[in-house]
Protein chains: 2
Amino acid sequence: MTAPLHDGRPSGPGRSLPDTQQGMRRRNLSRVMHAVGSEGPLSRAAVASRIGLTRAAVSSLVDELIRWGLLEELGPERPGRVGRPGSALAVSGRGPAGIGAEIGVDHLAVCAVDLRGTLRARAVRHGVNRGRAPGPVIAELTELVHQVVAAADGEGLWPAGLAVAVPGLVARDGRTVVRAPNLDWHDTDLGALLPGGIPLSVDNEANFGALAELWLGTGTPHDFLHVSAEIGIGAAVVVDGQLLRGRRGFAGELGHVPVHPDGPACACGGRGCLEQYAGEEAVLRAAGLEPREEDRVGLLADRAEKGDEAVRQALRDAGTALGIALTGAVNLLDPETVVLGGALAALSPWLLPSLEAELTGRTTGPACPVTVSGLGSEGPLLGAAHSVVRTVLDDPAAVAERL
Amino acid sequence: MTAPLHDGRPSGPGRSLPDTQQGMRRRNLSRVMHAVGSEGPLSRAAVASRIGLTRAAVSSLVDELIRWGLLEELGPERPGRVGRPGSALAVSGRGPAGIGAEIGVDHLAVCAVDLRGTLRARAVRHGVNRGRAPGPVIAELTELVHQVVAAADGEGLWPAGLAVAVPGLVARDGRTVVRAPNLDWHDTDLGALLPGGIPLSVDNEANFGALAELWLGTGTPHDFLHVSAEIGIGAAVVVDGQLLRGRRGFAGELGHVPVHPDGPACACGGRGCLEQYAGEEAVLRAAGLEPREEDRVGLLADRAEKGDEAVRQALRDAGTALGIALTGAVNLLDPETVVLGGALAALSPWLLPSLEAELTGRTTGPACPVTVSGLGSEGPLLGAAHSVVRTVLDDPAAVAERL
DNA sequence: CTATTTCGTCATGGCCGTTTACAAATTAGT
DNA sequence: ACTAATTTGTAAACGGCCATGACGAAATAG
């Protein structure tokens, strides 16, 4: 069972299908879920005014959603306003849950998020996965998934879907890892390995990180560029609240944008790619540090914090290279902001000055603002879990059909 | 009266408005128009099977569209198939028409296109507009518009909207030219200057060129990058059949993507922008030709054709620079193809080899194919006119409200 | 304690696509 | 030539869905 990839925007039921009354109802059910989900407890009348339907219509929709267990009645509101108080509605804290999973280079993580968006269960296992075959890693991950699903079950939650974030390129089928250099996986069909019976979607961790930023970030706009770096440098482009995936699903390969076209050769076939200047390996080398197995980012941040000038210079140079590549990207896409996530967030104090200098120096008028993600390294995992939750909010009727 | 900018995809009525039955009908009316418009004459039954509604429902929709004069009945089909022959329906060749206009550096052009997509009237005026004040230019353009509208009126067509293509950056309000370097216009509100009473939209010529490629090009995919160069180098990004405009409407500024970050200073504030290597001025200089007023592109093509080695080398170098900038763009967007339009189409024989060499050399796996637009310099004008036609197809009910 | 306001619900009505049935028009087969 | 089969377009009945309007319920304002 493979679920469609989530693009970040309520695609809802029947995107361009024949327009029938059932489709209309499905979309309106979705509108109610989104209104209640995003604006806290709301009365029927409040929902009606927000989504533009009448109170009577909303009543009917809410009845159905309560019958399905997706909404619950919290009881009468107690406001100081005149008139009969409404009955507060909230998204149910029981019922379907989104299971998110992350395959990192040195850890595995799984979590469960309920429809309200709150984290309800979690499991992490550390250990280096670089170079391990997919089979054992997935087996271990599956074990964690079962743990989390069991924990969630204890709280009245059942898994509505499983979304897996991987550090690599994923095909648009949403289950095949085409290339994950840091794991050394190639053309691996995770759909065949992960537990069946529950809708599965696999996506790039940068994409899930960007979705987390879109959905959970404070003040994040609908058009932005999300840059995250682990070993490679990945980016995700969000346009009008929707992920840009590209024809093959490979969009966002910022790491291989040419920065100095005559620079050193890169494994991708090009020369002078951004990764040659701002990739983890390159920065470690420039800083005169030996690559080690774990927590390289922490090491860099630590040294920079302590005033190690070689490390600081290396990070400044990386920021400059990032700034050059981002200048191109910003000129091409005109995003509202650029968000630095993943490892870049932790290193931002030393990257940002040179990065912003490059970006503002190369553009007329006001430069595109660069912000730092507040989600840290949790982004991809939370984004994955939330992507499942969003599919439920986007089409509650589909969930109801599954009992 | 300002019309919304067209993004290339049937946005249709009520994108995310409350879902009511009238909205449903509007969308279904649109579906019928699109089906008949894109797949030639069709019977009611054929339309029904294509859009997934029943014959009875389509009959009702078609009746209304015929009553509005947007569809017409061609009479019984005469096929060799068994069963009662259907009655062929076609989009009306009379009624609303899209008026497209183009403000070029050395010409003005206006045309009218009917709902079937066929060109019905046309007017062109040559003359250098560089440096002229907006007022007189718009006055001249208005004159041409009146000519074309009058000619269209003689054929039973009335203007449903006016779309103007300009060589510069247009704000997202769809009427203000923020910056048009080649005309030397800044922050000019064309809405105040152009004739009122007819919905107006103003957009970048590169955007309209890309839409023309999307709608009129043979075999053009839904995800591509359209590059066009006149004096500057503009690009338009089409994602999932929709134009990517960016937050301020400035997306697609390929000309200022850094190619050699330490290269010569550019007017934009940066260094080594693509325009410094592949812009018209730069290529003319590199070719050892003196800038003259008219038809610089024709001059280049002419010399290259005749074997002028300096010109050929200059074009090869421009192709290399384009290839570097496009490598970045392709890595970021993963488009299905890159389309060269505008002046680049005419020069493509000498640009393409070095451009493609750079692009394939810098990527692993199959490189993004580069194609040449078949629309030539007509793209922006046709795209503008068609954008108006599309708004009619996207929401025929809105047109019916205007009698 | 009454008037006012707001909430949720119910009955009614109108809109719209579906279903079902049927007449019309053509081809295939005898 | 005549019947059977097939397909088209239309009409009537049906069912689903939201809007409308009225009503009781529950709070505040005076």
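Computation of the quantities below employed the complete heavy-atom set of this structure, encompassing side-chain atoms and omitting hydrogens, waters and symmetry-equivalent molecules. Residue numbers begin at 1 in each chain, while the letters A, B, ... track the order of the sequences.
- With values rounded to the nearest 0.5 angstrom, Thr391(B) atom OG1 is found 11.5 Å from Leu5(B) atom CG.
- Rounded to a whole Å, the CZ atom of Arg31(A) is 13 Å from the C1' atom of dC18(D).
- The nearest whole Å value for the distance from the CD1 atom in Ile51(A) to the P atom in dC17(D) is 15 Å.
- Between the side chain of Arg402(B) and the main chain of Ala160(B), a donor-acceptor pair closer than 3.5 Å is present.
- Contact check, Thr54(A) against dA19(D): a side-chain N or O comes under 4.0 Å of OP1 or OP2.
- Distance CZ (Arg55(A)) to C1' (dA11(C)): 15 Å, rounded to an integer number of Å.
- Regarding contacts with the backbone of dT9(C), a side-chain N or O of Ser59(A) is found under 4.0 angstrom from either OP1 or OP2.
- Of the N and O atoms on the side chains of Ser43(A) and Arg84(A), not one donor lies less than 3.5 Å from an acceptor on the other residue.
- In this structure, Ala57(A) and Pro76(A) both approach DNA chain D, and ranking their closest nucleotides by distance from the 5' end singles out Ala57(A).
- If you measure from atom CZ of Arg81(B) to atom P of dA25(C), you get 17 Å, rounded to the nearest angstrom.
- Between the CE atom of Met24(B) and the C1' atom of dA19(D) there is a distance of 14 Å, rounded to whole Å.
- Neither side chain, Arg25(B) nor Asn28(B), offers a donor N or O lying under 3.5 Å from an acceptor on the other.
- Side-chain N/O atoms of Asn28(B) include none lying less than 4.0 angstrom from OP1 or OP2 on dC16(C).
- At least one side-chain nitrogen or oxygen of Arg44(B) sits closer than 4.0 Å to the OP1 or OP2 atom of dT10(D).
- Between Arg247(B) and Asp223(A) there is no salt bridge, since no side-chain N of the basic residue sits under 4.0 Å from a carboxylate O of the acidic one.
- Residue whose closest nucleotide on DNA chain D sits further toward the 5' end, between Pro85(A) and Gln21(B): Gln21(B).
- Once rounded to the nearest 0.5 Å, the distance linking NE2 of His34(B) with CZ of Arg50(B) reads 15.5 Å.
- Between dG9(D), dC16(C), dT20(D), one nucleotide has an atom nearer to the side chain of Ala45(B) than all others, and that is dG9(D).
- Between the CZ atom of Arg78(B) and the C1' atom of dT8(D) there is a distance of 15 Å, given to the nearest Å.
- The side chain of Thr20(B) approaches dC18(D) more closely than any other nucleotide in the set dG8(C), dC18(D), dC16(C).
- Counting to the nearest Å, the C1' atom of dC17(D) and the CD atom of Glu64(A) are 11 Å from each other.
- In this structure, Leu89(B) atom CG and dG9(D) atom C1' are separated by 11 Å, rounded to whole Å.
- Residue-to-nucleotide contacts include no donor-acceptor pair under 3.5 Å from the side chain of Arg84(B) to the base of dT26(C).
- Arg25(A) comes within 4.0 angstrom of sugar-phosphate atoms only, judged by non-hydrogen atoms across all strands, and of no base.
- Summary of the strand contacts: Val82(A) and Glu77(B) both lie near DNA chain C, and taking for each the nucleotide with the nearest heavy atom, the more 5' one is attributed to Val82(A).
- Among the protein residues, Ser60(A) comes within range of no part of the nucleic acid, since none of its heavy atoms lies under 4.0 Å from any strand.
- Heavy-atom distances to DNA chain C give each of Gln22(A) and Gly86(A) a nearest nucleotide, and the one nearer the 5′ end belongs to Gly86(A).
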